[in-house]
Visitor: 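Can you keep this structure in mind? I'll have questions shortly.
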2 protein chains.
Amino acid sequence: MRTLTRKGAATRQRILEGAAALIREHGVADTTLDDVLAGTATSKSQLFHYFPGGREELLLAVARLEADRVLEDQRPQLGDLTSWPAWQAWRDKVVDRYRRQGRLCPLNSVTSHLGSRTPGAQAVVTELMRSWQAEIAAGVRHMRDAGEIGPDVDPDRAAAALLAGIQGGVLIQMSTGETTHLEAALDMGLAHLRAGRARPGRVADGL
Amino acid sequence: MRTLTRKGAATRQRILEGAAALIREHGVADTTLDDVLAGTATSKSQLFHYFPGGREELLLAVARLEADRVLEDQRPQLGDLTSWPAWQAWRDKVVDRYRRQGRLCPLNSVTSHLGSRTPGAQAVVTELMRSWQAEIAAGVRHMRDAGEIGPDVDPDRAAAALLAGIQGGVLIQMSTGETTHLEAALDMGLAHLRAGRARPGRVADGL
DNA sequence: GATAAAATGGACCAGCAAGTCCAAAACTTC
DNA sequence: GAAGTTTTGGACTTGCTGGTCCATTTTATC
């Protein structure tokens, strides 16, 4: 596969998106290569032609796709955390996104299935977390510069805590089906940021 | 398997714990029944004798074992959140527990592998979350009654947020290998609770 | 339109791992 | 110590799924 014709690229994309859709619906464990083939009207030789690494390579590609989608789904709010209403809008969007997604988290599903033998999967998640946190931290920094948050707040650490709350909320949602925890975590995180505005020194005293 | 002799019970336990140990070390996907057999010096007929449901039943039993262990590992601190130093001690214990555990989270591994077709797995996690949150909430309630936390704080919601932070911190640790997020989430959660002490009305204003 | 490269179809293979089965040994109980 | 039950060993079956292979068709390029 030296080059890729337009047709070839289209086929590859069809396989990738079809696989992602199936995994979103049934989970990784219940999605075989034959399922993907049937669902995308392709043959086995095509799949292995475009993903020489076989299942593993395909799953990794799906993971990347889903990782990208996570941040995309938070735009444009995530990149514009410049006022309290904006933060609230972002919070609502996150909750809504995961409420729609339901119990299955494709990314977690894929990575936990690829497991530790595929370092690429961990890398995808790590990178997602890194940039996600960076964007939140940028928002915190902005608010801090605007005097809405105390100067003693560490933006990265605050963003890390917020991000952890989101992840945990989603994780819990995967078994309970409820977004209660996600909302509680986000609301507490935001309340804490807001509270830091008037009383410098308060935020860090638990560290 | 009408009754279980002492010997039988011991064998069953040996299989269960051996399976749990293997899964802790290598993850679910890389642990076959034959691995368990080899690792516990048992034969296939024994495994299916004590776990008629086969792999699925065994995995579920392992999930229960691990779920129990999670709370046990936090004792006695978890049940005694009655002063700020006690909260801090609990926080340290949690961080330490997961730092020791490393990247693999057996419970998440098992449940995400059993997937949605086994409702029992979700139930185990849900139940764990429920009681975990209840114990944290009890601590919050205690502190509130002692006047250390404002009366307007909802203990269950605060506990939910804290729990989400923990879960997310651990989840992130699974890919990064660092406990940074876990610590940030816990510290922020505790700082927020502490901050609620002096200024009633503050905590809930983000809701 | 000839040639080379890419795309496609689908039969085939191989291996693994879950699960079955039956006979033999050990234990319990009387 | 005999009868019945539980426990154990391990060979065997079976189904599935990832992966290979090669012949054929389509597409690009000149």
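In what follows, every chain begins at residue 1, and chains take the letters A, B, ... in the order their sequences are listed. Owing to the predicted nature of the structure, the values given are computational and were not obtained by experimental measurement.
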Visitor: Is Glu56(A) paired with Arg117(A) through a side-chain N to carboxylate O contact shorter than 4.0 Å?
Guide: no
Visitor: Check the distance between dG19(C)'s P and Leu47(B)'s CG and give it to me in whole angstrom.
Guide: 9 Å
Visitor: Give the rounded distance in Å between these two atoms: CZ of Phe51(A) and C1' of dA7(C).
Guide: 14 Å
Visitor: Of all the choices, dT20(D), dA6(C), dG9(C), which nucleotide is nearest to the side chain of Lys44(A) once you look at every atom?
Guide: dT20(D)
Visitor: What does the list of N/O pairs under 3.5 Å between the protein and nucleotides 26-30 of chain D look like, with a distance for each?
Guide:
residue	atom	partner	partner atom	Å
dT26(D)	O3'	Lys7(A)	NZ	3.4

Visitor: Answer yes or no: does a side-chain N or O of Gln46(B) lie under 4.0 Å from OP1 or OP2 of dT7(D)?
Guide: no
Visitor: Report yes if some heavy atom in the side chain of Arg24(B) is under 4.5 Å from a heavy atom in the side chain of Gln101(B); otherwise report no.
Guide: yes
Visitor: Is Tyr50(B) close enough to dT7(D) that one of its side-chain N or O atoms is under 4.0 Å from OP1 or OP2 there?
Guide: yes
Visitor: What's the closest nucleotide to the side chain of Leu33(B) if the choices are dG19(D), dT7(D), dG19(C)?
Guide: dG19(C)
Visitor: Provide, to the nearest angstrom, the distance between the CG atom belonging to Leu4(B) and the P atom belonging to dT28(C).
Guide: 12 Å
Visitor: Rounded to whole angstrom units, what separation is found between the NE2 atom of His49(B) and the P atom of dG10(D)?
Guide: 17 Å
Visitor: Check Glu66(B) with Arg69(B), please: is the shortest side-chain N to carboxylate O separation under 4.0 Å?
Guide: yes
Visitor: Using whole Å, report how far CD of Glu57(B) lies from P of dG19(C).
Guide: 11 Å
Visitor: Counting the atoms with a prime plus P, OP1 and OP2 as sugar-phosphate, which does Thr32(B) contact under 4.0 Å by heavy atoms, base, sugar-phosphate, or nothing?
Guide: sugar-phosphate
Visitor: Could I get the full list of side-chain contact (heavy atoms from CB on, under 4.5 Å) partners for Asp34(A), not counting sequence neighbours?
Guide: Thr32(A), Leu37(A), Lys44(A)
Visitor: Are the charged groups of Glu72(B) and Arg97(B) less than 4.0 angstrom apart, N to O?
Guide: no
Visitor: Whole-Å distance between dG19(C) C1' and Leu58(B) CG?
Guide: 14 Å
Visitor: Nearest to the Arg55(B) side chain among dC21(C), dT7(D), dG19(C), which nucleotide is it?
Guide: dG19(C)
Visitor: Would you call Arg103(A)-Glu178(A) a salt bridge at under 4.0 Å N-O?
Guide: no
Visitor: Round to a whole Å and report the spacing from CG of Leu37(A) to P of dG19(D).
Guide: 12 Å
Visitor: What nucleotide, of dG9(C), dT7(D), dT20(C), holds the atom closest to the side chain of Phe48(B)?
Guide: dT20(C)
Visitor: So that I can tick it off, tell me whether Asp96(A) and Arg100(A) are bridged by a salt bridge, with the cut-off set at under 4.0 angstrom between side-chain N and carboxylate O.
Guide: yes
Visitor: Can you tell me how far C1' of dT17(D) sits from CG of Leu59(A), to the nearest Å?
Guide: 13 Å
Visitor: If you find the nucleotide of DNA chain D closest to Gly54(A) and the one closest to Thr11(B), which residue's nucleotide is nearer the 5' end?
Guide: Thr11(B)
Visitor: Starting the side chain at C-beta, find the nucleotide from dA18(C), dG9(D), dT8(C) nearest to Ser43(B).
Guide: dG9(D)
